[in-house]
**Q** 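This structure is in structure tokens; I'll ask about it shortly.
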Amino acid sequence: MRLDKVHVLLCWVLLTRLGAEGRGYHVSTERRSWDDARRHCQDCYTDLVIGTPEEIKQGSHPLSESSVYWIGLRKELSSSRNGTMNSSSVPWTHWANRDPLTFQKWFPGWPVPNDTEDSCVAMLNFEFWVEENCSEPLPSICYDVPLPPSDARATAADEDRITFEWTAPENFTRATYGVNISSASWGHSWSATVSNTTRHTFYDLKPDSKYNFEVHAMGFGGNSSSTNCSAYTVPLPPTDARATAADKDRITFEWTAPENFTGATYIVNISSGFWDYRWSAAVSNRTNHTFYDLKSGSKYNFSVHAMGIGGNSSSANCSDYTVTVEREISLSMLCSSATPLLCDQSSTREDVFNRLKAHIEKILGDNVKWSLEKKMINSTGG
């Protein structure tokens with residue numbers, strides 16, 4: 001019992017010291033047999049390391065140039081019918097954790113052919129493998145399953161796409177993630193593997209729909225637990241915005257609902273830059289709205305957005321005028337000039353009229369309906 005307590009305490013100390021360096025690869029300089037090294041890795045981390053030599057070496061710096069390190073590979077010898085050990089029928093096929101061995105990187109001359117000795121694999125600091133007797137005391141490399149990402153969130157949504165982001169687990173050097181998205185409403189799901197980024201955009205989604213997202217860090221020892229969030233695509237925009245009725249102080253606008261829009265709630269806006277007027281309203285279960293208390297003969301700009309849980313759609317827009325109540329304003333101009341007969345010239349009168357028209361155009365533009373006409377009045381002086 002006392003030995004068990006000491007062993008657990010030792011692992012806790014090691015986890016505290018090495019855990020601050022991050023989850024992934026952990027070098028133990030203490031020399032152990034292959035069995036003891038694996039037991040240490042399983043107690044304090046996950047297991048003896050697996051993976052390509054390049055990945056192991058990159059994740060395990062610094063490695064001593066004068067040593068070799070146990071990794072999670074051991075020859076498995078089976079018994080033949082006569083009770084003898086048969087090595088030819090048991091090639092190196094699996095890692096110690098039963099993952100298939102998909103590559104080998106032996107130092108020239110290794111492994112030893114027809115060697116029935118109980119042998120395990122050690123990695124030289126320059127990446128190649130050699131066989132060693134499993135009882136040989138050597139340093140070792142452990143691996144750990146990565147911590148999960150955090151703070152999964154949607155950062156952008158459109159009618160047919162959503163961008164998700166997340167925060168990388170601390171000291172996660174491999175930077176490879178599995179991302180998944182699904183929709184219960186549409187029965188769709190997509191998966192992707194992404195590297196060296198903490199964001200991913202999913203395309204070809206349905207508008208105004210909820211999507212569930214999850215991301216997990218991928219390590220050679222397995223995947224972390226997942227971090228999840230949900231988000232909605234925005235609705236399609238309304239179409240065919242138009243004015244269907246107008247009076248001197250009101251305009252009725254209508255629009256066509258977007259396809260498959262179940263929310264049926266809209267934000268309508270009207271504005272007049274000339275009158276410095278803006279007004280908005282939310283309307284539900286209808287596709288028209290009448291704005292009151294407007295100025296006669298004035299241009300009003302209208303826009304309508306479909307409202308969704310994931311945000312508002314882009315807008316449909318149009319403009320129209322209230323009915324004009326005509327008013328006539330007379331302007332009289334008296335021409336006087338030091339140049340004889342200048343005021344009598346038609347070109348002078350035309351130039352003054354055009355300047356006046358340009359000035360009014362600059363002020364009013366097409367914001368209100370107006371016209372300017374000239375009338376000549378002859379007058380005589382005594």
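Source: prediction; values computed, not measured. Side chains are part of it too, since the values below use all heavy atoms of this structure and drop only hydrogens, waters and symmetry mates.
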**Q** Check whether N367 reaches the backbone of L364 with its side chain - one donor and one acceptor, N or O, closer than 3.5 Å.
**A**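 At least one qualifying donor-acceptor pair exists.
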**Q** At what distance, to the nearest 0.5 angstrom, does CZ of F253 lie from CG of N301?
**A**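 One finds 8.0 Å between CZ of F253 and CG of N301.
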**Q** Parallel, tilted or perpendicular, judged at 30° and 60°: which one describes the rings of Y177 and W166?
**A**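 Ring orientation of Y177 relative to W166: perpendicular.
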**Q** Could you check W370 against I360 for side chain to side chain contact (heavy atoms under 4.5 Å, CB included), going step by step and ending with a plain yes or no?
**A** CA-CA 9 Å; W370 62 277; I360 297 175; 3.8 Å; yes
**Q** Is it true that the side chains of S135 and S33 contain a donor and an acceptor less than 3.5 Å apart?
**A**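 S33 and S135 do not have a side-chain donor-acceptor pair below 3.5 Å.
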**Q** Without swapping roles, check the side chain of H305 against the backbone of S313 for a donor-acceptor pair under 3.5 Å.
**A**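 Yes, H305 side chain to S313 backbone: donor-acceptor pair under 3.5 Å.
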**Q** Decide side chain to side chain contact (heavy atoms under 4.5 Å, CB included) for F302 and V268; before the verdict, give the C-alpha distance in whole Å, the side-chain angles of both, and the deciding distance to 0.1 Å.
**A** CA-CA 7 Å; F302 170 76; V268 293; 3.9 Å; yes
**Q** Restricting to non-hydrogen atoms, name the atom on N223 and the atom on M218 that form the minimum distance, rounded to 0.1 Å.
**A**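 Residues N223 and M218, closest heavy atoms: OD1-CA, 3.4 Å.
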**Q** Apply side chain to side chain contact (heavy atoms under 4.5 Å, CB included) to residues H26 and T46 and explain how you reach the verdict.
**A** CA-CA 10 Å; H26 305 270; T46 299; over 6 Å; no
**Q** Report the C-alpha separation of E328 and E326 in whole Å, then their side-chain angles, then the decisive distance to 0.1 Å, and conclude whether the side chain to side chain contact (heavy atoms under 4.5 Å, CB included) test is met.
**A** CA-CA 7 Å; E328 186 174 304; E326 293 187 0; over 6 Å; no
**Q** Keeping to residues at least two apart or across chains, list the salt bridge (charged side-chain N to carboxylate O under 4.0 Å, His left out) pairs with something in residues 226-252.
**A**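 Matches after skipping sequence neighbours: D240-R242, R242-E254, D247-R250.
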**Q** To the closest 0.5 Å, what do you measure between CD (E214) and CD1 (I181)?
**A**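 Reported to 0.5 Å precision, the distance equals 11.0 Å.
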**Q** Could you tell me how the ring of W279 sits relative to the ring of H289: parallel (under 30°), tilted (30 to 60°) or perpendicular (over 60°)?
**A**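 W279 and H289: parallel rings.
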**Q** Kindly compute the distance separating OG (S28) from CD1 (I141), expressed to the nearest 0.5 Å.
**A**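 One gets 10.0 Å once the value is rounded to the nearest 0.5 Å.
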**Q** Under the criterion side-chain hydrogen bond (donor to acceptor under 3.5 Å, both in side chains), I'd like the reasoning laid out for S296 against T322: C-alpha separation, chi angles, the key distance, then a yes or no.
**A** CA-CA 5 Å; S296 67; T322 48; 5.7 Å; no
**Q** Are K295 and Y277 in a cation-pi setup, meaning NZ or CZ lies under 6.0 angstrom from the ring centre and within 45 degrees of the ring axis?
**A**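 Geometry flag: not set, cation outside 6.0 Å or 45°.
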**Q** Quick check: closest heavy atoms across P148 and P169, and the distance to 0.1 Å?
**A**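 Here P148 and P169 meet closest at O-CB, 3.7 Å.
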**Q** Is it the case that the side chain of T233 and the backbone of K206 share a donor-acceptor pair, with hydrogens and angles ignored and the cut-off at 3.5 Å?
**A**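 Yes, T233 side chain to K206 backbone: donor-acceptor pair under 3.5 Å.
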**Q** How long is the span from the CG atom in L205 to the CZ atom in R161, to the nearest 0.5 Å?
**A**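 Atom-to-atom, L205:CG and R161:CZ are 10.0 Å apart.
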**Q** Which residues satisfy the side-chain hydrogen bond (donor to acceptor under 3.5 Å, both in side chains) test with D366, sequence neighbours excluded?
**A**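 Expected list: K299.
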**Q** Decide, yes or no, whether a salt bridge links R278 with D276 under the criterion of side-chain N to carboxylate O below 4.0 Å.
**A**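 Yes, this pair counts.
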**Q** Just checking R355: does its CZ atom have more than 12 heavy atoms from other residues, nucleotides or ligands closer to it than 6.0 angstrom?
**A**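 Atom CZ in R355 is not crowded, with 12 or fewer foreign heavy atoms closer than 6.0 Å.
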**Q** With rounding to the nearest 0.5 Å, note down the distance linking CD1 in I71 to CH2 in W129.
**A**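 Here the rounded value is 5.0 Å.
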**Q** Looking at C44 and C142, are the sulfur gammas closer than 2.5 Å to each other?
**A**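 No.
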**Q** What I want to find out is whether R38 reaches D35 closely enough, with some N-O distance under 4.0 Å, to be called a salt bridge.
**A**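 A salt bridge is absent here (no side-chain N lies under 4.0 Å from a carboxylate O).
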**Q** Can you tell me which residue among V27, L138, L124, L48 is in a side-chain contact (heavy atoms from CB on, under 4.5 Å) with Y69?
**A**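 Only one of V27, L138, L124, L48 forms a side-chain contact (heavy atoms from CB on, under 4.5 Å) with Y69, namely V27.
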**Q** Could you give the distance from CZ (F213) to NE2 (H200), rounded to the nearest 0.5 Å?
**A**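 If I round to the nearest 0.5 Å, the distance is 8.5 Å.
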